[in-house]
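A short write-up of the structure that comes next.
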2 protein chains.
Amino acid sequence: MADLGQGTKKKRKTASPERMDIRTIARLANVSIATVSRTINRIPTVNPKIAKRVWEVIEELDYFPNTQARALVSGRSWILGLIVSEITNPFFPELIQGFEDIAVEHGYEILVSSTNHDPKRMSHCIRRMLERKVDGVAVMTFGIEAPLLEQLAQRKIPLVFVDVGPDGPNISVLKVDYRHGIRQGVQHLAALGHRKIAFLRGPLALHSAQSRLDAFSESMRECGIPPKPEWILQGEHTLEGGMAAMQQLLAGKDMPTAVMCSNDMTAIGVLHSMYRAGLRVPDDLSVIGFDNIHIAEVTIPPLTTVQMSRFDLARAAVNALRACVEGTETSPQKHEYNIQTDLVVRESTGFPRGTMKELRKKSPTKK
Amino acid sequence: MADLGQGTKKKRKTASPERMDIRTIARLANVSIATVSRTINRIPTVNPKIAKRVWEVIEELDYFPNTQARALVSGRSWILGLIVSEITNPFFPELIQGFEDIAVEHGYEILVSSTNHDPKRMSHCIRRMLERKVDGVAVMTFGIEAPLLEQLAQRKIPLVFVDVGPDGPNISVLKVDYRHGIRQGVQHLAALGHRKIAFLRGPLALHSAQSRLDAFSESMRECGIPPKPEWILQGEHTLEGGMAAMQQLLAGKDMPTAVMCSNDMTAIGVLHSMYRAGLRVPDDLSVIGFDNIHIAEVTIPPLTTVQMSRFDLARAAVNALRACVEGTETSPQKHEYNIQTDLVVRESTGFPRGTMKELRKKSPTKK
DNA sequence: GTGAAAGCGCTAACAA
DNA sequence: TTGTTAGCGCTTTCAC
């Protein structure tokens with residue numbers, strides 16, 4: 001019962017029998033702790049027979065290595081940070097879920113934090129990542145907070161951004177092709193006969209919001225419709241912002257016949273303001289969102305929107321980070337990560353007021 | 001430039017100047033690492049003058065202790081686990097946000113994971129918590145997965161559950177008073193004149209769902225309305241479940257005049273099915289949800305629902321865990337954590353079909 | 001009140 | 001191929 005350990009000539013005050021560490025495994029498998037370590041880390045030089053014996057002991061005792069000790073000595077925490085702007089916008093939980101699944105699949109733990117667009121929170125958040133020694137950080141705030149992120153970049157922590165980010169050896173950027181989906185949206189509207197199209201943009205600070213607006217303006221011009229400045233309003237990417245912007249539009253003298261929104265939350269706000277005003281979508285106004293969050297399927301009416309795959313985004317982010325961390329230095333060339341966007345037509349878009357009847361006359365009513 | 005360290009007679013191969021650890025601080029402050037450690041941990045016996053000097057060096061170098069090393073030696077990770085069922089149900093992100101804020105405020109990091117009601121995921125998730133050596137776990141799945149959680153309980157990891165949980169020294173349970181809010185809902189409906197009230201319940205496996213149903217049945221009886229079994233359907237706590245259940249109700253010969261739902265997602269599904277069927281809420285059917293997620297304010301029509309504070313829930317959970325971890329052994333008595341629920345009346349509830357006109361005649365139309 | 005030194009559980013360099 | 005051992009950066013006795 002007493003200390004029968006093999007090479008325990010010195011130290012280790014108490015040899016409590018319940019202690020479950022690499023030493024216990026080594027003792028029971030009759031090997032050194034180094035061999036156990038090698039076995040666990042699947043170092044190919046271990047004799048298969050011995051490895052088998054070690055694994056058996058490990059499984060029998062349901063042993064797993066202490067991650068803290070491991071991290072301390074190896075310098076790798078196997079934790080990936082994920083910074084999002086607002087966890088309460090349904091887009092993000094869907095993204096987080098994907099990120100978690102993929103990261104865990106590769107053996108990483110994740111550290112999620114939301115900034116709520118608050119620089120103070122952002123800076124706390126970076127500090128937390130630093131303290132926990134994350135192996136890499138995905139900055140999915142869709143904005144660029146360069147000064148703050150400096151701390152991470154300086155310490156050579158692999159970083160991945162969306163749309164745009166500082167240049168650097170360990171920095172990747174996921175390029176979202178907003179143009180494709182937004183152009184489809186504008187063309188869809190134009191094809192229905194809309195010429196008076198408003199855009200509810202997101203916060204100025206968000207690069208992605210700017211990109212979406214740019215894509216809109218450009219697509220409008222492509223369709224030969226000059227975008228009207230009074231019809232480009234701030235939607236803030238929130239329910240409330242969408243409602244407020246729509247009210248502003250309703251109060252104006254000249255009403256657009258369609259509205260594109262920089263995200264789905266804004267569009268849902270618009271839907272609500274229309275409902276409040278006693279107006280109908282799409283009869284009185286066509287509405288297009290952006291993101292295609294799950295709930296967009298059941299808004300009233302179901303929202304026509306631009307789909308951006310959170311799963312693709314999550315996978316690309318994890319892969320980009322892994323490429324840096326696990327350093328396949330054989331291929332130091334930057335990978336290109338492109339994310340597609342596509343229009344999903346539902347029922348919030350239709351012909352502009354007035355044209356419907358005429359068009360109906362032309363084509364016989366469907367059964 | 002060479003090794004001038006104070007007591008570095010032996011070891012420490014490379015003394016790279018950029019190394020930023022407790023030793024650096026000790027050297028620059030002219031004290032031992034023990035004193036630095038004590039200072040950081042605010043041990044009162046440290047001479048204030050020396051402490052001040054140490055803090056100055058710490059701040060100047062922007063030093064912070066290595067959490068891994070700290071955790072390794074102290075046995076405390078300062079990580080709190082949070083297990084939720086589905087991060088994509090908006091209720092949970094709101095809860096997570098609160099949990100994160102409160103935990104971080106007290107110096108903890110959080111490890112969130114969602115099980116999606118999948119036992120396999122649940123078990124992975126528990127393993128991850130174990131591997132990262134969390135100091136405590138909040139199991140906010142609103143269901144009870146006793147067998148799986150055994151692993152955590154056995155290792156004496158502080159646990160907190162909602163509604164119901166195994167008994168044990170380190171286990172707390174947050175009691176949600178579903179009855180209060182649900183009774184208010186039923187009474188609200190009864191007061192409007194409803195007698196035909198259906199209930200769309202959540203998954204059987206979820207204890208909270210069962211409690212909500214029980215509260216409903218009991219409240220119905222209190223109001224003298226015997227609940228009708230055919231009107232108690234499975235809503236699954238999802239959009240899709242709500243839609244399907246409502247369709248079932250619509251297909252039945254006898255339609256209720258009101259529906260209470262076990263959560264808001266279900267209610268949103270109901271709203272959508274009604275819209276699809278060309279029926280109106282609340283004119284043709286009154287609908288009440290549960291949770292009061294943010295989006296319930298802008299559904300069409302805005303949802304009457306029962307509010308359950310995620311913030312209270314989050315705060316109670318963190319406090320319960322902290323009480324165990326930080327062990328104020330002076331008060332080993334179990335704290336009682338009660339969470340209130342309250343009805344929030346919006347516009348998805350109204351008089352049952354037919355009664356409205358009569359009632360209107362009685363009271364003059366409001367201006 | 002402060003410092004020296006022993007480890008926390010593991011990985012990796014070096015030896016055998 | 002396998003074992004021995006020196007730390008990773010910190011907390012915590014135990015002397016002084």
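Within every chain, numbering begins at 1; the chains are lettered A, B, ... in the order of the sequence lines, protein sequences first and strands thereafter. Just so it is clear, the model here is predicted, and its values are computed rather than measured.
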Could you tell me how far apart [X] ([atom1]) and [N] ([atom2]) are, to the nearest whole angstrom?
{"X": "R132(A)", "N": "dC10(D)", "atom1": "CZ", "atom2": "C1'", "value": "14 Å"}
{"X": "E131(B)", "N": "dC10(C)", "atom1": "CD", "atom2": "P", "value": "12 Å"}
{"X": "K133(B)", "N": "dC8(C)", "atom1": "NZ", "atom2": "P", "value": "14 Å"}
{"X": "R27(A)", "N": "dG9(C)", "atom1": "CZ", "atom2": "C1'", "value": "15 Å"}
{"X": "I33(B)", "N": "dC8(D)", "atom1": "CD1", "atom2": "C1'", "value": "13 Å"}
{"X": "I22(A)", "N": "dT2(D)", "atom1": "CD1", "atom2": "P", "value": "15 Å"}
{"X": "D21(B)", "N": "dG7(D)", "atom1": "CG", "atom2": "P", "value": "14 Å"}
{"X": "M20(A)", "N": "dC8(C)", "atom1": "CE", "atom2": "P", "value": "16 Å"}

> Which residues satisfy the ring pair (Phe, Tyr, Trp, His ring centres under 6.0 Å) test with F161(A), sequence neighbours excluded?
Replying inline: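 Result, ring pair (Phe, Tyr, Trp, His ring centres under 6.0 Å) vs F161(A): none returned.
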>> If the condition is ring pair (Phe, Tyr, Trp, His ring centres under 6.0 Å), which residues does F99(A) pass it with, not counting sequence neighbours?
In response: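 Partners of F99(A) under the ring pair (Phe, Tyr, Trp, His ring centres under 6.0 Å) test: none.
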> Would you say dG3(C) has OP1 or OP2 under 4.0 Å from some side-chain N or O of T35(B)?
Replying inline: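 It does, given that an N or O in the side chain of T35(B) lies less than 4.0 Å from OP1 or OP2 of dG3(C).
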> Within the pair Y63(A) and dC10(C), is there a side-chain N or O less than 4.0 Å away from OP1 or OP2?
Replying inline: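 The answer is yes; a side-chain N or O of Y63(A) sits under 4.0 Å from OP1 or OP2.
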Under a 3.5 Å threshold, yes or no: a donor from one side chain and an acceptor from the other, between [X] and [Y]?
{"X": "N47(B)", "Y": "R53(B)", "result": "no"}
{"X": "S113(B)", "Y": "R128(B)", "result": "yes"}
{"X": "T24(B)", "Y": "D21(B)", "result": "yes"}
{"X": "N116(B)", "Y": "Q97(A)", "result": "yes"}

> Which listed nucleotide (dC10(C), dG3(D), dG9(D)) is nearest to the side chain of A34(A)?
Replying inline: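 Looking only at side-chain atoms, A34(A) lies closest to dG3(D).
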>> So if I take every side-chain heavy atom of R23(A) and compare against dG3(C), dG9(C), dG3(D), which nucleotide ends up nearest?
In response: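 The closest nucleotide is dG9(C).
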>> Among residues at least two apart in sequence or on other chains, which ones pass side chain to side chain contact (heavy atoms under 4.5 Å, CB included) with D163(B)?
In response: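 By the side chain to side chain contact (heavy atoms under 4.5 Å, CB included) rule, D163(B) matches F142(B), V176(B), Y178(B), H207(B), S208(B).
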>> For V325(A), give me all partners under side chain to side chain contact (heavy atoms under 4.5 Å, CB included), at least two apart in sequence or on another chain.
In response: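 Per chain and number, V325(A) pairs via side chain to side chain contact (heavy atoms under 4.5 Å, CB included) with R76(A), Y108(A), D135(A), P158(A).
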> Which of residues 38-59 of chain A have a heavy atom under 4.0 Å from DNA chain C?
Replying inline: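 Only R38(A), N41(A) qualify.
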> Should the heavy atoms of other residues, nucleotides or ligands under 6.0 Å from NE2 of H106(B) be counted, would the total exceed 12?
Replying inline: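 Yes - once you tally the heavy atoms of other residues, nucleotides and ligands closer than 6.0 Å, there are more than 12.
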>> Once you apply a heavy-atom cut-off of 4.0 Å, does S37(B) come out as touching a base, just sugar-phosphate, or nothing?
In response: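 The residue S37(B) makes base contact.
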> Going by heavy atoms closer than 4.0 Å, what residues in residues 66-73 of chain A are next to DNA chain D?
Replying inline: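 Under 4.0 Å from DNA chain D: L72(A), V73(A).
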